[in-house]
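Some notes on the structure that comes next.
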Amino acid sequence: MSEQTGRKRLSAEEGRRLRVNLLRVAGLAACLGLLMEAIIVLGGLDTATVSSLLDHGLWPFMVCMAVAVGQAVSGGWPPRAGAFSLVATPIAFLAAKVIQKGVAAVLDGAAPGQFVNSDLLLEAGLRAVEYAVLAAALAWLVRQAWAGALAHLATGAVIGVVFGLLIALFLPPDSLLNWGVEEVVFPTGCALIVFASETLTQLLPDNTLPTISA
């Protein structure tokens, strides 16, 4: 990676590895969304429908992707990773919620109502801070030789619980199970996904990476 006038430019090989890393994160984040939906359905809180899957799985997928992209563009600098996620997270969260409400309205054949309200904006703001902190923490952990899977799991869990309790003060959850899935399972899983994907990218030889055209 070369530097010119303070800016870092990716080589073709590094760019290819970055795209593979983000594709891997996308696949794992989609699986995490499905896991969250499965827990909620098995817990009896909802039925397995397209609308329910989008409600419980789309925003975690998009937010985790925002965190992963922040890691990729930060160059290992925690403030940059946090700043990117601070901006990208509420956009990803609100976009996912609007898509879910639009799809639900089409499937139910009813008027969509208000897509964005004050509660949704408040939640988007709180999650922006939460995942900015998580992204900065993950960028810091990448620089620590001792930080393995357990450190990433613990970081995701602690940040999830702290901010989950804060969010619950302003927006009481529908149920304890739903709170646990969104505020503990998701941030913990997202932290592990980012760690696992970056670790695999570092361990796999360059010649094992699939060719992906830009």
Side-chain angles (χ1 to χ4, degrees), residues 22 24-71 81-82 85-86 88-90 92-97 99-100 119-120 122-139 141-142 147-200:
L22 292 179
R24 188 181 294 119
V25 170
L28 293 173
C31 292
L32 178 59
L34 291 173
L35 174 63
M36 292 172 61
E37 171 68 2
I39 293 174
I40 290 173
V41 171
L42 292 175
L45 296 182
D46 212 335
T47 57
T49 63
V50 173
S51 178
S52 174
L53 177 60
L54 290 176
D55 188 24
H56 300 124
L58 184 58
W59 77 261
F61 169 81
M62 296 182 69
V63 168
C64 194
M65 285 300 300
V67 172
V69 173
Q71 299 300 301
S85 292
L86 186 66
T89 293
F93 179 80
L94 290 173
K97 289 296 185 179
I99 292 172
Q100 183 271 324
D119 285 348
L120 196 59
L122 175 59
E123 185 175 359
L126 292 171
R127 294 203 182 279
V129 178
E130 176 182 3
Y131 288 97
V133 172
L134 179 61
L138 294 179
L141 285 176
V142 169
L150 288 179
H152 285 74
L153 284 171
T155 299
V158 170
I159 292 176
V161 169
V162 170
F163 279 92
L165 292 173
L166 177 62
I167 292 173
L169 290 177
F170 295 96
L171 302 168
D174 297 332
S175 70
L176 181 60
L177 177 61
N178 192 59
W179 180 90
V181 169
E182 292 189 348
E183 311 302 345
V184 181
V185 173
F186 170 58
T188 303
C190 185
L192 184 60
I193 284 172
V194 171
F195 167 74
S197 184
E198 291 181 346
T199 300
L200 286 173

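Note that the structure is predicted; figures quoted are calculated from it, not measured.
Other residues, nucleotides and ligands contribute more than 12 heavy atoms inside 6.0 Å of the CG atom of L169.
Rounded to the nearest 0.5 Å, atoms SG (C64) and OH (Y131) are 8.5 Å apart. Taking CD from E182 and CG from D174, the interatomic distance works out to 8.5 Å, rounded to the nearest 0.5 Å. The distance from atom CG of L35 to atom CG of L28, rounded to the nearest 0.5 Å, is 12.0 Å. One distance of note links CG of L192 with OG1 of T155; it measures 11.5 Å at 0.5 Å rounding. Taking CZ of F61 as the reference point, atom SG of C190 lies at 11.0 Å (rounded to 0.5 Å). Note that the CG atom of L200 and the CD atom of E198 stand 10.5 Å from one another [nearest 0.5 Å].
Contact record, Q71 with V194: CG-CG1, 3.9 Å, taken as the closest heavy-atom pair. The two residues A96 and M62 have their closest heavy-atom pair at CB-SD, 3.6 Å. Smallest separation of non-hydrogen atoms from G156 and P187: O-CB, 3.6 Å. Here the closest heavy-atom approach between residue L177 and residue G43 is recorded as CD2-CA, 3.6 Å. Across all their heavy atoms, L138 and A191 have their closest contact at CD2-CB, 3.9 Å. Of all heavy-atom pairs spanning A66 and A88, the tightest one is CB-CB, 3.9 Å.
F195 pairs by the ring-ring contact (aromatic ring centres under 6.0 Å, His included) definition with H152, not counting sequence neighbours. Applying the salt bridge (Lys or Arg N to Asp or Glu O under 4.0 Å) criterion to E123, with sequence neighbours excluded, gives R127.
Side-chain contact check for F163 versus V133: some heavy-atom pair is nearer than 4.5 Å. Here the side chains of W179 and L165 are in contact, with some heavy-atom distance below 4.5 Å.
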